[in-house]
Undergrad: 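After the structure tokens below, expect a handful of questions from me.
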Amino acid sequence: MSFATLLAIYFLIWWMVLFTVLPWGATSPHEQGSDVEPGHAPSAPIKPSIMVKVAATTVIAAVIMALGSWLVTSGVLSLDSFPFLPDPAP
């Protein structure tokens with residue numbers, strides 16, 4: 001695979017992992033019983049910790065990408081592993 005393909009796959013994995021990591025540790029003022037400041041959404045997290053979540057996303061996505069890359073390069077996983085795919089035209 002080319003570097004551009006690997007980068008595109010990593011980008012997609014990173015975004016999917018980010019949306020799974022964003023809710024970690026997020027508490028709203030309503031959940032803590034405190035008052036919501038005027039102009040803020042009641043569901044907005046009190047302390048979002050975005051940089052910690054971005055760092056965790058980067059590490060998790062890198063591990064997933066490394067595992068997937070190893071599976072493909074070692075031959076454990078290939079298109080032949082999926083029996084429901086049609087045979088390519090000759």
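What you see is a predicted model, and the numbers here were worked out from it, not measured in a lab.
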Undergrad: If every non-hydrogen atom of Lys53 is compared with every non-hydrogen atom of Leu22, which pair is closest and at what distance?
TA: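 Scanning both residues completely, I find the closest heavy atoms to be NZ-O, 2.6 Å.
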
Undergrad: Is it the case that more than 12 heavy atoms not belonging to Glu37 sit under 6.0 Å from its CD atom?
TA: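 No - once you tally the heavy atoms of other residues, nucleotides and ligands closer than 6.0 Å, there are 12 at most.
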
Undergrad: Any chain of hydrophobic side-chain contacts (each under 4.5 Å) joining Phe11 to Val72?
TA: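 Yes, same cluster.
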
Undergrad: Testing the basics here: between Pro29 and Ala44, what is the closest heavy-atom pair and its distance to 0.1 Å?
TA: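 Heavy atoms of Pro29 and Ala44 come nearest at CD-O, 3.2 Å.
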
Undergrad: Measuring from atom CE of Met16 to atom CD1 of Ile64, what distance do you get when rounded to the nearest 0.5 angstrom?
TA: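 Reported value, rounded in 0.5 Å steps: 8.0 Å.
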
Undergrad: Let me see the working for Thr57 and Trp14 under side-chain hydrogen bond (donor to acceptor under 3.5 Å, both in side chains), right down to the final yes or no.
TA: CA-CA 6 Å; Thr57 299; Trp14 192 90; 5.3 Å; no

Undergrad: Does any non-hydrogen side-chain atom of Tyr10 lie less than 4.5 Å from one of Thr5?
TA: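 No - every pair of side-chain heavy atoms lies 4.5 Å or more apart.
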
Undergrad: Identify the two heavy atoms, one from Ala26 and one from Pro45, that lie closest to each other, and give their separation to 0.1 Å.
TA: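 Closest approach of Ala26 to Pro45: CB-CB, 4.1 Å.
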
Undergrad: Should Leu6 and Met65 count as side-chain neighbours, where that means a heavy-atom distance under 4.5 Å?
TA: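 With C-beta onward as the side chain, the pair touches.
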
Undergrad: First locate atom OG1 of Thr58, then atom CG of Leu18, and finally report the distance between them rounded to the nearest 0.5 Å.
TA: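 Going from the OG1 atom of Thr58 to the CG atom of Leu18 covers 9.0 Å.
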
Undergrad: Is there a path of hydrophobic side-chain contacts, each under 4.5 Å between heavy atoms of I, L, V, M, F, W or Y residues, that connects Ile46 with Val36?
TA: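 Shared cluster, no.
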
Undergrad: Examine Trp24 and Trp15 and state if one hydrophobic cluster contains both, with Ile, Leu, Val, Met, Phe, Trp and Tyr joined whenever side-chain heavy atoms are less than 4.5 Å apart.
TA: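 Linked within one cluster.
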
Undergrad: Do Ile9 and Phe19 share a hydrophobic cluster (ILVMFWY, side-chain heavy atoms under 4.5 Å, transitive)?
TA: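 As far as the 4.5 Å side-chain criterion goes, Phe19 and Ile9 are connected within one cluster.
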
Undergrad: Report the hydrophobic cluster partners of Leu7, with the cluster defined as I, L, V, M, F, W, Y residues connected by side-chain heavy atoms closer than 4.5 angstrom, directly or transitively.
TA: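 Result for Leu7 is Phe3.
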
Undergrad: For residues Val21 and Val54: do they belong to one hydrophobic cluster (side chain heavy atoms under 4.5 Å, members Ile, Leu, Val, Met, Phe, Trp, Tyr)?
TA: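 Yes, it is one cluster - the side chains of Val21 and Val54 are joined through contacts under 4.5 Å.
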
